[in-house]
Number of protein chains: 2
Amino acid sequence: MGAPAKTSPTPAKRPAGAGLLAAELRVAVMRTSRRLRAEAASRDISPGQYSVLAGILNGPLTVGELAEREQIQAPSMTRIVNGLETAGYVTRGDNPQDRRQVLVHVTEAGTAVLQRARSRRTQWLAKRVAALTPEERATLHEAARILQEMSAT
Amino acid sequence: MGAPAKTSPTPAKRPAGAGLLAAELRVAVMRTSRRLRAEAASRDISPGQYSVLAGILNGPLTVGELAEREQIQAPSMTRIVNGLETAGYVTRGDNPQDRRQVLVHVTEAGTAVLQRARSRRTQWLAKRVAALTPEERATLHEAARILQEMSAT
DNA sequence: TATTGTTATACTCTATAACTATA
DNA sequence: TATAGTTATAGAGTATAACAATA
């Protein structure tokens with residue numbers, strides 16, 4: 001069986017076995033992602049573009065590094081960067097130390113659009129998060145950290 | 001701004017404001033969903049097909065009901081049902097009380113493939129879930145419930 | 001010869017609009 | 001006239017394979 005869950009915030013629920021938990025988590029994540037995509041669609045920038053801009057805010061990264069971070073293949077990242085470059089949100093620069101690489105830099109317009117998008121993008125989610133109890137928010141905060149770590153594996 | 005977050009269960013981390021939490025949650029969910037899709041791809045059935053089969057295990061539903069449950073439009077559900085019907089996993093039946101409606105029934109093959117898929121589909125996730133602490137599993141269990149409720153809104 | 005990035009191409013999933021049949 | 005479902009078409013995002021430039 002699962003763990004005793006001694007200090008669970010919801011005493012009525014026991015932790016399910018790994019298989020059952022994975023199944024319910026998978027449904028929850030897939031459904032939420034579909035909802036997020038639908039709600040955020042056609043405003044500002046795409047989810048992929050958003051992540052890329054956020055990733056290079058603190059300094060340029062190569063196309064390969066970005067692809068690895070986003071867990072997608074290089075050609076897909078090339079397309080995302082193309083879109084951002086056309087929109088004027090990033091520029092491509094050479095790396096003098098390895099001229100095969102392409103460093104993606106964020107522009108001022110890119111920084112601005114990211115900040116605007118940050119508030120709009122999460123509007124749907126933020127509205128629902130705000131309706132939660134502090135305990136539920138803490139749970140989601142911790143869950144986000146766990147999911148990030150699991151996905152990074 | 002967000003709530004003061006007075007009784008956080010994770011002392012080192014305070015619950016972020018609704019906007020920040022929504023932002024980090026969004027990234028975590030989108031990244032995990034991309035990972036899930038990639039890991040589960042081309043085995044058994046698609047995520048959408050999986051959810052549909054699971055939904056009609058306890059009795060047939062109409063195409064419209066399924067579309068609403070999955071938060072997608074009717075034509076998208078028609079395509080998913082087409083795929084399942086071609087594969088022999090569901091059958092379409094009339095509703096005698098309203099002949100505009102189409103009731104989607106699961107077949108024996110559909111039930112079997114769902115049970116097989118259930119264990120395979122969540123394999124990637126279950127492996128990582130099993131490596132977590134009981135407390136982390138409890139957190140994800142609760143988070144799944146919260147995400148489900150938020151997505152249902 | 002190996003690696004980085006791009007181009008070419010195709011597949012999956014989604015959506016909106018137009019259509020058919022039933023109510 | 002309104003509703004349930006399908007068909008037609010298009011768009012977004014992803015992938016693999018082949019190619020160019022550089023190491």
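Chain A is the first sequence line, chain B the second, and so forth, proteins listed ahead of strands; every chain is numbered from 1.
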Round to the nearest Å and state the distance from [X] atom [atom1] to [N] atom [atom2].
X	N	atom1	atom2	result
A:Met77	D:dT16	CE	P	15 Å
A:Ile80	D:dT14	CD1	C1'	9 Å
B:Asn82	D:dT6	CG	C1'	8 Å
B:Glu68	D:dG5	CD	P	11 Å
A:Arg79	D:dT16	CZ	P	15 Å
B:Leu61	D:dA4	CG	C1'	15 Å

Partner residues of [X] under the side chain to side chain donor-acceptor pair (under 3.5 Å) criterion, sequence neighbours left out:
X	value
B:Gln101	B:Asn95
A:Ser33	none
B:Gln73	none
A:Glu68	none

Chain A footprint on DNA chain C, 5' to 3' - any atom under 4.0 Å from a heavy atom: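 Going 5' to 3' along DNA chain C, contacts run C:dT3 to C:dT14.
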Salt bridge (Lys or Arg N to Asp or Glu O under 4.0 Å) against B:Asp98, all qualifying residues, sequence neighbours excluded: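 B:Asp98 satisfies salt bridge (Lys or Arg N to Asp or Glu O under 4.0 Å) with B:Arg100 once adjacent residues are dropped.
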Members of residues 48-58 of chain A that approach DNA chain D, where some heavy atom sits under 4.0 Å away: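 Residues of residues 48-58 of chain A under 4.0 Å from DNA chain D: none.
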With a 4.0 Å cut-off on heavy atoms, is A:Gln101 in touch with a base, just the backbone sugar-phosphate, or nothing at all?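 A:Gln101: backbone/sugar contact only, no base atoms under 4.0 Å.
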Tell me whether A:Arg79 contacts the main-chain N or O of A:Pro75 through its side chain, where contact means a donor paired with an acceptor under 3.5 Å.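 Answer holds: no.
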Is the side chain of B:Arg99 donor-acceptor paired with the backbone N or O of B:Asp94 at a distance under 3.5 Å, no angle test?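 Side chain of B:Arg99 to backbone of B:Asp94: no pair is present.
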Tell me which of B:Val102 and A:Ala74 sits closer to the 5' end of DNA chain D, going by the nucleotide each one is nearest to.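 The residue closer to the strand's 5' end, by nearest nucleotide, is B:Val102.
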Scan residues 49-65 of chain A for pairs that pass salt bridge (charged side-chain N to carboxylate O under 4.0 Å, His left out), counting only residues two or more places apart or in two chains.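 Sorted result for residues 49-65 of chain A: empty, none.
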Applying side chain to side chain donor-acceptor pair (under 3.5 Å), which residue pairs with at least one partner in residues 82-91 of chain A are found, sequence neighbours left out?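 Side chain to side chain donor-acceptor pair (under 3.5 Å) check on residues 82-91 of chain A returns A:Asn82-A:Arg92, A:Glu85-A:Arg92.
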Below 4.0 angstrom from OP1 or OP2 of D:dT6, is there any side-chain N or O of B:Thr78?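 Yes, within the criterion.
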Who are the side-chain contact (heavy atoms from CB on, under 4.5 Å) partners of A:Ala117, not counting sequence neighbours?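 For A:Ala117, the residues satisfying side-chain contact (heavy atoms from CB on, under 4.5 Å) (neighbours in sequence not counted) are A:Asp44, A:Ile45, A:Tyr50, A:Arg121.
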Taking side-chain contact (heavy atoms from CB on, under 4.5 Å) as the test, write out the residues that go with A:Ala54, two or more places apart.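 For A:Ala54 the side-chain contact (heavy atoms from CB on, under 4.5 Å) partners, ignoring immediate neighbours, are A:Leu114, A:Arg118.
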Just by protein heavy atoms under 4.0 Å, how would nucleotides 17-23 of chain D read 5' to 3' in B, S and -? B----BS
